[in-house]
Each structure stands twice: as C-alpha cells, then as structure tokens.
Amino acid sequence: MKRAQIRGYCDRPNVRPGERLDFFVSSPRAGTYRTRLVRLVHGDRNPAGPGYKDVEIPGVWCGEHQASCQYTQVGAHVRVDDPGAALSAREGLGLHLHLWATLPHKRQGVIGRWSDTEQRGWALALENGHLVFLCGDGQHVARLVSPRPLFPEVWYSVVVSFDAGSGAASLSQVVTLNSVNSRFGRMVDLDGDAAVAGVLPAPAGAEVPLLMAGLAASEATPGRVVALYNGKLDGPSYFPRPLQAAEVASLHAGGRVPGARAQWDFAAGITRHGIAGDAVQDTSGHGFHGLCINQPDRAMTGWNWDGREEHFVHCPEQYGAVWFHEDSLDDCRWQRSLSLEVPRDLPSGAYALELRQDDTTDRVPFFVVPGADARRARIALVLPTFSYLAYANSQVLLNAAGGQAVMGVLTTLDDIDLELNETPEFGCSTYDYHRDGRGFQYSSWRRPILNLRPDYRHEFGSVWQFPADLHLVDWLTVKGFDFDVLTDHDVHAEGAALLRHYAVVISPSHAEYSSWQMLDAYEQYFTGGGRGMYLGANGFYWVASQHPDKPWLIEVRKGESGDQAWRARPGELFHGTTGERGGLWRHRARAPQKIWGTGYTAHGLDVSAGYHQLPDARDPRIAWIFEGIGPAEVIGDFGLVNGGASGLEMDRIDYSLGTPPNTLLLASSHGHTASAMLVPEDQYFAYPGITGRDNPLVRADIAYLTTRHGGAVFSTSSMAWCGSLSHNGYVNNVSRMTENVLTRFAAEGDIEEVV
Amino acid sequence: MPLRDPADYRDKTADWMEFFARRRRAALRPLVTPTLLAEHAEDPRGGDTPHGHALQDVLNYVHNLPTDGKSFAYAEQPGARYRVGILRARGTAPLLPAGPAYASEREAVHAVFLERLRSLGLLDAGEAAR
C-alpha cells in the first residue's frame with residue numbers, strides 16, 4: 001500500500017504559455033522529491049488498451065525540492081478579528097442568536113472567543129446535545145448547561161447574559177419552530193424551552209479571534225479550529241453588557257434590542273446576483289465584520305422562513321441563515337511550494353507536474369490553453385473542468401448505500417479510493433454528503449483531487465471524466481490531428497468569441513455541468529457556422545455556477561428531479577453565488593437536445609452495447625459519415641468501457657425537448673441490461689419496465705444536424721464512445737466514423753445543409 | 001404529554017427494515033442454488049451473458065446493503081492481485097483481513113458476492129464449497 005504519500009495541487013485548471021502556475025505539495029515523509037513536466041496522452045491501464053502514455057518535456061520544471069508536511073484546516077466557520085478585545089466579555093456579555101443544529105450530540109463551538117488548549121475565554125457550545133456557556137480563566141472552566149437537550153434540525157432562539165461584576169449568568173433557549181422551518185411542524189408538542197442561571201467566574205481574555213461555528217484550537221496555532229459546528233446559525237448579536245429580563249424576552253420574541261456592539265446579518269449583501277463574497281457584515285456600525293472560511297452554505301432558509309417564497313433574492317429577510325459543516329473545504333491553503341512559468345513555446349495540451357518521492361508518485365494535472373495571440377489549430381477539445389470539479393474526490397460507493405445499486409455491479413476499489421476514505425481533509429464532491437447528511441454544493445480545485453489522476457479507474461468500475469477523456473486525447477494524437485485544448489473555465493469566461501477561432505469544437509465523454517455562459521457560447525457558435533462533436537453523454541445537464549471571487553470553486557444545487565445524489569431542501573434551490581435557479585438545465589428550458597440534438601436518457605454502468613443503423617444512415621447527404629462502414633455493421637460492439645461504445649450514461653434525441661426538427665437519427669444502441677435505467681425526470685409515475693431490457697428510451701443515439709451558415713453538430717450520446725476508439729489498433733468503425741466526421745468538420749469549405 | 005428529549009425516540013423504520021429483510025431473505029434463499037452461484041462465478045458483470053432474473057433479484061438485494069461493514073474487492077495490484085476488504089465509516093481505514101488473494105478481478109468480485117451472501121445467511125458452508 002502506498003496511501004501515505006506525496007500529494008499536490010495547483011491554483012487553477014487552465015494556464016497560458018508565459019503565465020505562472022503555483023503548486024502546493026505536501027508529504028508525510030521527510031526528505032526531498034523530484035519534479036518533471038509530462039504531457040498526458042493516455043491514462044487507462046486496461047490491459048486490452050494501449051496502456052499508460054505520457055511524454056516528458058525535457059529540461060522543463062525538472063528539479064529536486066524539500067518535502068514538507070502541510071496542514072489542512074477543514075470545516076466552515078466565521079472569523080471576526082478583535083485585536084482590541086472588545087468582544088472578550090470583560091465588561092459583561094449579552095449574546096443572542098438563532099440556532100438549528102444538525103448533529104447536536106457532538107461537541108461543537110457555536111460562537112466564542114475561546115482558546116481550547118488554554119481553556120481560556122468564553123464560548124457558547126454544544127456538549128452532549130445541550131447548549132453550554134463556558135467561561136475559562138486558563139485554570140478552571142465553569143459551565144452553565146441548559147437542562148433541555150436540543151432536537152436536531154429545529155430552530156431555537158438562544159440568549160446568554162453575563163454580568164462581569166457579580167458573575168451572574170443566564171442561558172435560555174426558546175423553540176421557534178413553525179410549519180416549515182424545522183424538521184417537523186407544529187403537530188409536535190415540543191417542550192424545548194429552557195433557562196438556567198448561575199454564577200460564573202470572569203473569563204480570562206483569550207488571544208484568539210471571535211469564531212462562529214468552531215473553537216480556536218490554541219493561541220499558539222492561529223487559524224486552526226476545532227469542535228466545528230454542524231447546522232445553521234442566524235443573526236448573532238453581541239452586547240457588551242448583561243441583558244435585562246425584558247430584553248431577553250424581546251429577543252426570544254424576534255424583537256430587537258438597542259446597544260449591540262456587533263450585529264451580524266448573514267443576509268446583508270444579498271443582491272439579484274446572489275451573495276457571493278466571504279464577508280459577513282456587522283450592521284451595528286462598529287465594524288466587527290467577519291470572514292467566512294471554507295465556504296459555508298449561504299442563502300439558506302432562516303429561522304423565520306415561512307415557506308411562501310423560495311428565492312432568497314425576493315425576501316432576504318427570511319434567508320438570514322448560514323449552514324456550516326465540519327467537513328467543508330474551499331482551499332487547502334497550503335504554503336506555496338513551487339511557482340513555475342509555463343514555457344512560451346509549450347503547445348496547448350493536457351499536462352501534469354509529476355512529483356516523485358521514494359516509491360510514490362503523484363501527477364498534478366493542468367491544462368495549457370493557447371495564448372491570446374497564438375496560432376490556433378482548426379480543432380479545439382474542450383475539457384469539461386466544471387464537471388471534473390463536480391466529481392472531485394467523489395466517494396459514492398464508500399459513503400452511499402445505494403451506490404452499487406445504481407452501478408449494478410460489485411465494484412473494485414483501489415488505493416486511491418481507500419486513501420480518499422482515510423483522508424477527509426481532501427474534501428468531497430457534489431456527489432457526496434456532509435457529516436450531517438446535507439449534500440456538498442461547492443467543489444474546489446485547490447486541493448489534491450485524487451480521481452483527477454490520469455490512470456485512476458473510477459470507483460464506478462471504469463475510467464470516468466478526465467482519465468476517460470484521455471482516450472480521446474490519445475486517439476487525436478495517434479491519428480495526427482492538430483488540436484488545441486480549452487477548458488470549461490475558458491468557455492465560461494470568453495464565450496463564443498473563443499470558440500470562433502476554431503472550425504470544430506469537441507466535447508468529450510461527460511461534460512455534465514455547465515453555466516449559462518457556456519450554453520450561450522455553444523449556441524452562438526453553432527448558429528454562426530461552428531461545428532461541434534459531442535462524443536459523450538449526460539452533458540450540459542446540471543446548472544453550475546462559478547464563484548465570482550473564487551473562480552476555482554463551483555456551486556451546484558441538485559434540484560427537484562434528475563439522476564442525482566442528493567436534493568436541495570425546500571427553499572434552497574437557488575445558487576448563493578449567482579442567484580440563479582439550480583437543478584437541471586432541462587427545467588430551465590435549456591435541455592441539451594436544443595443545442596446538441598441529444599440529452600441524457602439512461603445510465604447503464606455494468607455492460608455496454610453497440611449501435612444499430614437506422615434508415616437515416618442511408619441518407620445520401622450524409623454518406624460521408626459512413627464511408628468505410630458497411631450498412632449491416634453494428635457500430636461499437638467492442639471497447640474498453642464495459643465492452644461497448646454505448647454505455648455508462650446515454651443520451652437520446654427528443655423533439656419534444658428541443659431536438660431540432662431537421663436532426664437525423666443515424667443509429668441507436670440496443671442490448672442494455674436490467675441494471676440500465678431510464679432517468680428519473682422521464683419517469684413521472686414510477687412503474688416497472690424502466691430498464692434496458694424493456695424500455696425503448698434506454699439507448700444512445702447517433703444524431704446529426706446542421707445549422708444555418710454551415711454549422712453542424714454530430715452527437716454519439718454515450719460516455720463509452722471514446723473508450724472504443726483504440727480497439728483493434730485504432731482500426732474499427734467507431735474510430736472510422738469519428739475520423740470521417742472530424743476530418744469533414746475541420747476541413748475548409750461548406751457542409752451541406754440537411755433540412 | 002410534551003416531548004422533551006430526542007433520545008427518548010428512535011426511528012421505528014428499523015422495525016420494518018428488520019421485518020422486510022427477514023421476508024426478503026426468505027424469498028431469496030431458494031434462489032441461491034449452485035447453478036446461480038456458477039452463473040455469477042462465470043460472469044459477475046453479466047457482460048458476456050445477461051444475468052438471469054433470479055441472479056438479478058439476488059444482486060439487487062445485495063447491492064442495496066448499507067455501506068458500513070460492506071465487503072468490497074480491493075485491487076492490491078491492479079490486474080494481478082486482489083483481496084476482499086470491509087468498508088468502514090469515512091475517515092476510518094477499511095479492514096483488509098488476511099485471506100485469500102485472487103489473481104483476477106472476476107474471482108475477487110465473486111468472492112465478495114459469496115461473502116455478502118454468507119453474511120446475510122443466504123449461503124451455508126456447503127453451498128459455498130460446492
């Protein structure tokens with residue numbers, strides 16, 4: 001086993017020649033590591049295929065470097081710097097907030113200026129399911145414990161009052177449940193209100209900032225946080241004095257009390273375009289603004305959400321909650337290890353910085369895209385980096401009971417899967433669940449992404465995403481096509497203007513996550529005469545947003561339907577980073593069929609199949625697509641991905657969903673198994689007969705359409721397609737058809753319009 | 001009577017799940033025959049020959065088991081050496097007990113299948129040996 005090994009990441013997925021790229025490296029082993037730059041060609045080590053291929057770039061980025069072990073702070077929390085100790089409770093303290101805890105039985109910090117190692121300061125915390133107010137002087141810790149335990153996912157109003165002179169302290173909690181804001185409604189006779197009073201010694205000042213949703217680990221380790229909180233907080237306020245009984249009652253009743261030294265409003269800053277920043281505003285006027293660390297879930301339903309409005313933009317006053325998770329991560333924040341300039345003559349492509357220490361190796365991928373003034377190839381391959389992020393470090397089979405049922409096979413795990421399971425600090429994907437059951441809705445590039453390694457065989461039992469896309473990179477290389485590599489991040493930023501540099505753009509195996517800007521780019525490009533090859537499936541399916549301030553981070557909120565790992569809770573489907581509705585593009589009137597002709601219809605992850613030619617295959621206007629392929633040939637009944645070119649996930653034409661009426665249906669796959677399933681959004685009523693054995697919608701379609709001005713789109717509708725390209729030494733009908741189309745699309749001259 | 005402590009209440013779904021599991025396993029038990037085991041051993045994925053309905057029914061149940069404590073095939077040396085491991089909670093290293101090693105993924109996956117049947121009481125030692 002080589003699971004304790006050197007790992008690294010870089011600061012962004014895409015880089016241009018002449019730009020610098022920062023790398024962050026950590027190893028549990030002392031000593032040095034060596035680096036070199038490699039161009040990645042083929043990753044899949046399936047013995048039936050061409051095997052692993054990379055090419056060293058001689059003399060570039062070769063070196064020996066000192067290894068160090070770097071610390072990762074996981075867990076979402078808020079930091080409020082307080083250099084003047086104005087929030088230290090030395091004058092006494094009044095504290096109010098609303099709280100909705102998801103795992104109240106764990107020890108967690110809610111809010112405090114507390115140093116956990118030194119046991120100094122004050123904090124409101126959770127211990128054994130109860131709210132606790134802590135005062136510590138470095139020698140002793142005094143506790144005021146609420147007598148009533150908290151019910152999970154129920155809103156409580158919480159008030160703490162402390163008189164520094166007399167030591168009189170009180171802690172009270174009041175249930176603020178309504179019909180919609182908590183796990184259960186008003187039917188439950190919940191006796192959760194409680195109050196306790198006592199006398200506590202004055203806390204000593206802790207040399208740490210005020211934290212929400214965690215406790216500072218130690219005065220000696222700035223930035224390290226323990227006892228991270230799971231759940232929502234809403235509207236914390238701090239008073240530099242004890243609160244009177246009438247004030248406590250008013251706060252519990254939803255009223256305001258003047259004189260707060262800090263009044264944090266998590267909804268302040270919401271605009272039509274979301275609440276993207278990490279800032280937490282202190283609306284008291286005293287400037288105790290906070291900063292979110294590790295991207296907690298923002299724009300969440302608050303304690304006073306009444307269920308009548310589902311979009312935070314329309315009633316921000318009911319979206320004052322932030323949902324914290326102990327395992328959130330937006331950036332490992334390691335010390336930079338290397339800052340390397342990309343050589344100006346390095347061709348566009350997929351590369352990796354190889355890190356080698358002792359018997360362990362890591363390859364940190366990145367993508368070199370053409371510079372603004374570079375000579376362009378006629379072909380662009382758009383690597384779906386948004387989708388790479390969505391799947392980054394997915395652990396579905398390790399964490400979701402139904403994962404193997406979805407797959408339909410007993411899969412095999414390897415060292416990377418086990419390393420991910422044992423290393424929670426590398427974070428999870430938008431397919432995983434936080435400790436408290438909420439789905440991960442953010443994913444970051446700035447961490448080691450172990451399933452983005454070129455030779456990783458995905459936990460689903462086949463190569464997936466980037467390693468699968470290398471099937472196509474290899475084929476393009478072997479066939480001698482001159483092509484540039486672009487990424488989703490480039491298309492999102494530059495739109496159709498970027499695509500117009502090329503005669504043809506290719507989308508590889510699984511570009512599942514897209515932004516509005518990306519859909520616009522393709523639509524404008526194709527209608528302006530651009531040509532596209534969609535050699536994958538389940539593409540352009542989920543709405544994804546790029547964080548405007550942290551472009552290495554995406555947000556995804558899974559919607560009310562779709563083939564999905566989790567579902568946004570009521571009132572929480574709109575993206576905090578942009579304000580747009582999450583879920584399927586199909587449910588925002590932008591089904592993939594409208595642009596690419598086909599869209600997601602079924603998954604079949606156990607066995608793949610071949611395509612059977614249909615009448616449109618004989619249309620003389622597209623005879624060039626079938627050149628060299630016999631009319632009776634089954635297309636792709638072979639391949640590295642489960643034995644066929646149609647499999648994993650598949651798309652179909654659907655004129656009702658926007659497939660252009662002039663689209664030709666050239667071939668469809670047949671022979672899928674009982675574990676191949678129609679997607680949920682097409683099921684409406686649940687019924688038997690949705691599998692590949694008995695449902696005609698479980699298939700992949702090869703479709704072709706033209707647009708005005710010489711544009712055209714060719715879609716093969718299967719994630720397994722590219723896995724068949726190398727079969728029989730690259731001589732086969734999948735390879736031939738792909739080559740026929742690419743050669744024609746990349747050539748000068750018009751494409752005959754098919755209407 | 002008001003509710004005061006979440007610890008006083010448990011998820012009664014567990015009662016039903018136990019009942020369902022007992023009934024479902026009783027229904028599946030007769031399906032687990034030497035023929036069915038041989039069918040799985042021959043082609044665990046069903047890629048060469050589609051799985052029959054009986055094997056599909058058994059696999060559907062097996063695939064849906066909870067993750068914690070679930071057995072899995074571990075590629076110790078992909079393509080050359082495989083073992084059977086036991087998954088545990090996130091952040092906890094899986095168990096990789098000493099046991100037979102397998103030269104192919106197909107054999108290891110079949111061993112996982114047998115292990116899961118055994119843990120469910122769907123396989124006795126005699127059947128496993130046949």
Side-chain angles (χ1 to χ4, degrees), chain A residues 1 3 45-47 104-105 129 147-152 154 188-192 194 327 395 397-415 417-418 420-425 428 432-433 435 455 457 461 606-608 642-644 671 673-675 691-693, chain B residues 1-9 40 43-53 55-57 59-68 70-80 82-85 87-94 96 102 104-106 108-113 115-116:
Chain A
M1 283 185 290
R3 299 208 291 275
R45 294 185 187 271
N46 187 329
H105 59 282
R148 286 273 192 280
L150 298 177
F151 278 79
V154 169
V188 178
D189 182 11
L190 186 61
D191 183 9
D327 47 4
Q395 302 171 55
L397 293 174
L398 296 165
N399 299 321
Q404 294 198 355
V406 173
M407 284 185 48
V409 295
L410 295 163
T411 192
T412 302
L413 303 179
D414 66 16
D415 279 332
D417 299 307
L418 304 194
L420 281 172
N421 193 48
E422 297 164 19
T423 319
E425 59 265 33
C428 288
D432 297 294
Y433 310 100
R435 294 281 187 195
D455 56 348
R457 193 180 87 150
D606 54 345
V607 177
S608 300
N642 301 331
T673 73
S675 294
T691 81
R693 281 180 174 168
Chain B
M1 187 71 175
L3 283 61
R4 292 183 171 170
D5 188 342
D8 293 338
Y9 306 92
H40 189 269
D43 187 3
R45 189 176 278 268
D48 300 328
T49 307
H51 288 154
H53 288 286
L55 179 55
Q56 191 67 45
D57 281 354
L59 285 170
N60 285 349
Y61 184 72
V62 167
H63 289 156
N64 268 310
L65 293 176
T67 302
D68 197 7
K70 188 182 265 185
S71 53
F72 68 98
Y74 165 57
E76 191 169 55
Q77 295 172 31
Y82 297 82
R83 293 165 62 191
V84 175
L87 283 175
R88 294 192 291 178
R90 193 161 98 214
T92 307
L96 294 170
Y102 303 92
S104 73
E105 184 174 0
R106 179 177 289 208
V109 168
H110 184 61
V112 170
F113 180 59
E115 171 57 32
R116 292 198 190 174

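Chain letters run A, B, ... following the sequence lines, proteins first, then strands; residues in each count from 1.
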Segment of [X] engaging chain A (4.5 angstrom heavy-atom cut-off):
X: B/Ala89; result: backbone
X: B/Tyr61; result: neither
X: B/Leu87; result: side chain

B/Arg4 side chain near A/Pro149 side chain, heavy-atom distance below 4.5 Å = no

inquiry  = Between A/Thr673 and B/His51, is there a side-chain heavy-atom distance shorter than 4.5 Å?
reply    = no

Contacting region of [X] [heavy-atom separation from chain B under 4.5 Å]:
X: A/Thr411; answer: backbone
X: A/Leu420; answer: neither
X: A/Glu425; answer: neither
X: A/Asn642; answer: side chain
X: A/Pro152; answer: side chain
X: A/Val409; answer: both

Least distance between heavy atoms, B/Pro94 atom then A/Glu422 atom = CD-OE2, 3.4 Å

inquiry  = Given B/Phe72, which partner from the list A/Leu418, A/Asp417, A/Thr412 fulfils the side-chain contact (heavy atoms from CB on, under 4.5 Å) test?
reply    = A/Leu418

Counting heavy-atom pairs closer than 4.5 Å to chain B, which one of [options] comes out on top?
options: A/Leu410, A/Asp606, A/Val607; value: A/Leu410
options: A/Asp327, A/Asn46, A/Val406, A/Leu413; value: A/Leu413
options: A/Ala405, A/Pro424, A/Gly644; value: A/Ala405

message = Strictly below 4.0 Å, N to O, side chains only: are A/Asp432 and B/Arg90 in salt-bridge contact?
response = no

ask   = So how far is it from B/Gln56 CD to A/Arg693 CZ, rounded to the nearest 0.5 Å?
value = 5.5 Å

message = As an exercise: rank B/Met1, B/His110, B/Lys70 by heavy-atom pairs under 4.5 Å with chain A and give me the winner.
response = B/Lys70

key: When B/Ser71, B/Ala73, B/Ala108 are compared by non-hydrogen pairs under 4.5 Å with chain A, the top option   = B/Ala73

task = For B/Leu3 and A/Phe151, run side-chain contact (heavy atoms from CB on, under 4.5 Å): C-alpha distance rounded to whole Å, both residues' side-chain angles, the deciding distance at 0.1 Å, then the answer.
result = CA-CA 10 Å; B/Leu3 283 61; A/Phe151 278 79; 4.1 Å; yes

Test side-chain contact (heavy atoms from CB on, under 4.5 Å) applied to B/Arg88 - qualifying residues, sequence neighbours left out = B/Asp68, B/Thr92, B/Leu95

key: With A/Asp455 via side-chain contact (heavy atoms from CB on, under 4.5 Å) - residues at least two apart   = A/Arg45, A/Tyr52, A/Arg363, A/Arg453

